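All remarks here apply to the structure that follows.
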Amino acid sequence: MPELPEVETTRRGIRGALVGRTIQAFDLRESRLRWPVARKLAKELAGQRVLDVRRRAKYLLIDLERGTLIAHLGMSGSLRVMPATAARILHDHYDLVLDSGQCLRFNDPRRFGSLHWCTGDPAEHSLLADLGPEPFDGQFDAEYLAARARGRKVAVKLFLMDQHTVVGVGNIYASEALFRAGVRPRRAAGRIRRAEWQRIVEAIRDVLGDAIRQGGTTLRDYVNADGTPGYFRQELYVYERAGEPCRRCETPIRQFQQGQRSTYFCPGCQA
DNA sequence: ATGGGCACCTGGCTGC
DNA sequence: TGCAGCCAGGTGCCCA
C-alpha cells in the first residue's frame, strides 16, 4: 500500500472537500474488498455530515455524526475527489457522494483495501486497538525500540514493518530508513545498539517526512486525491535500485527476500 | 510469545 | 503473438 506518506497525502488531499459536507449517497459497486462491505451501509451514511478526516497508522478515519468510516487502501488502492458525475473506470469500487456535487471515489485493482463502519471509539476497533505508536509521537524513541526489541531474533527490517512496533512503515520506507540509519536489514532486532536505534528513529521520521513533502511514492497505482502521482520515487536511495551504484558510495545496491518481500540495501553504507 | 509462511486479488512485465 | 511465471506500497490468520 500506500504506506504512511501516501495515506497522509491522501488525507490532506481529501479533507477540505469532505469536512462540513453532508453525504448524499454511498454508491457501492463492488462489495468484495478485503472484507465484504455491507450494502446496508448506504442507508446508515446518507444524511450524515463529515466532521473530520483523520489518520491512524495506514487507516483513514472519516468522522461522521454517528460514527466513523475506517478506510484502508491496501496495496493498490487510492481515494480521489472528483465530480460525482465523472465516468467510472475499472476497479472504481465505491463513491461517497457529497452535497457539493463532488464525490470521494475509491479505486483498487487488487481489492486488498477495506472499509468499516464504526460506531463508538475507533481507537478501540479491533483493527486499530493493538497498533504501535505513530512514528512522529514522542513515545516512539530509541528507549522504546530497544526495550521492545530485547531478546528478539527477528530481522530488524521485519521488526520495523510490524505495525505493533511502529505504524506506517512498509516495504519501501523500511529499506530506505535502514539505509539512512546505516543498519543492515538482516540484523537481529535484539542486537541493535542504542545509538543505532537512535539513528533508526531519526531516519524513519526523516524519510517519512521527506516523502510526505513529495506527495508520497508512486510505483504503479498510487495517486493523490487530485489524481497526481507522488514524486518521492526519484529520491529513493535503495528501493528498486538493485545492481545500480549507491548514491553515496557507488557500491552496487543489493536485493534479497525477507518475509516474501524484496529488501534492498547498500553493503558499503550499512553495517 | 515468537517466527515463519500463506492467503487474499489483478495487472504489468519478462522470457520462452 | 501467446502464454506461463514472477513480481508488486498490506496484513490477518494459521501453524510449529
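The analysis underlying the following values was restricted to heavy atoms, covering all of them including side chains, and did not include hydrogens, waters or symmetry mates. Quick caveat: nothing in here was measured; it's all calculated off a predicted structure. Below, read A as the first sequence line, B as the second, and so on, with proteins coming before strands; counting in each chain starts at 1.
Geometrically, A:Arg152 does not engage A:Phe159 in a cation-pi contact defined by less than 6.0 Å to the ring centre and at most 45° from the axis.
A close approach under 4.0 Å does occur between a side-chain nitrogen or oxygen of A:His72 and OP1 or OP2 of C:dT11. For B:dG3, the OP1/OP2 oxygens have no side-chain nitrogen or oxygen of A:Lys153 closer than 4.0 Å.
In this structure, A:Met161 places its CE atom 13 Å from P of C:dG12, rounding to the nearest Å. Spacing between atom CG of A:Asn171 and atom P of C:dG10 amounts to 6 Å, rounded to whole angstrom units. Residue A:Glu3 contributes atom CD, which lies 9 Å from atom P of C:dT11 at whole-angstrom precision. One atom, CG of A:Leu128, and another, C1' of C:dG12, lie 14 Å apart when rounded to the nearest Å. For the pair A:Met75 CE and B:dG12 P, the computed distance is 15 Å after rounding to whole Å. The distance between atom CG of A:Leu131 and atom C1' of C:dG12, rounded to the nearest whole Å, is 12 Å. Rounded to an integer number of Å, the gap from CZ of A:Arg148 to P of B:dT2 is 8 Å. Here C:dC13 presents its P atom at 7 Å from CH2 of A:Trp35, a figure rounded to the nearest Å.
Aromatic pair A:Phe265/A:Phe256: ring centres closer than 6.0 Å.
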Step-by-step side-chain contact (heavy atoms from CB on, under 4.5 Å) determination, A:Leu160 to A:Ile200: CA-CA 9 Å; A:Leu160 294 175; A:Ile200 287 170; 3.9 Å; yes
Under the salt bridge (Lys or Arg N to Asp or Glu O under 4.0 Å) rule, what do A:Glu202 and A:Arg180 come out as? Steps first, then yes or no, please. CA-CA 9 Å; A:Glu202 289 162 9; A:Arg180 292 183 180 214; over 6 Å; no
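Ion pairing between A:Asp210 and A:Arg213 holds under the 4.0 Å rule for side-chain N and carboxylate O. A salt bridge is defined here as a Lys NZ or Arg NE, NH1 or NH2 lying under 4.0 Å from an Asp or Glu carboxylate O, and A:Glu196 with A:Arg187 meets this definition. A salt bridge between A:Glu6 and A:Lys58 is absent, with no side-chain N of the basic residue lying under 4.0 Å from a carboxylate O of the acidic one. Salt-bridge annotation for A:Arg29 and A:Asp92: absent, with no side-chain N of the basic residue lying under 4.0 Å from a carboxylate O of the acidic one.
Residue contacts shown for A:Leu219 include a base, since a base heavy atom lies under 4.0 Å away. Nucleic acid contact class of A:Asp221 (heavy atoms, under 4.0 Å, all strands): base.
Under the 3.5 Å distance criterion, the side-chain polar atoms of A:Gln163 are matched with a main-chain donor or acceptor of A:Val169.
In the set C:dG10, C:dA8, B:dG3, the nucleotide with an atom closest to the side chain of A:Arg261 is C:dG10.
Across C:dC3 and B:dC9, the matching P atoms stand 23 Å from one another, rounded to whole Å.
Checking each of A:Phe179, A:Tyr264, A:Phe232, A:Tyr173 against A:Tyr237 for a ring-ring contact (aromatic ring centres under 6.0 Å, His included) leaves exactly one that passes, namely A:Phe179.
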One character per nucleotide, please: for nucleotides 4-11 of chain B, 5' to 3', B when the base has a protein heavy atom closer than 4.0 Å, S when only the sugar-phosphate does, - otherwise. -BB-BBBS
Pairs counted only when both distances fall under 3.5 Å, Watson-Crick or G-U: show me the 5' to 3' dot-bracket for DNA chain C, [ ] for pseudoknotted crossings and | for other-strand partners. .|||||||.|||||||
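Along DNA chain C, the nucleotide nearest A:His164 and the nucleotide nearest A:Thr217 are compared for position; the residue whose nucleotide lies closer to the 5' end is A:Thr217.
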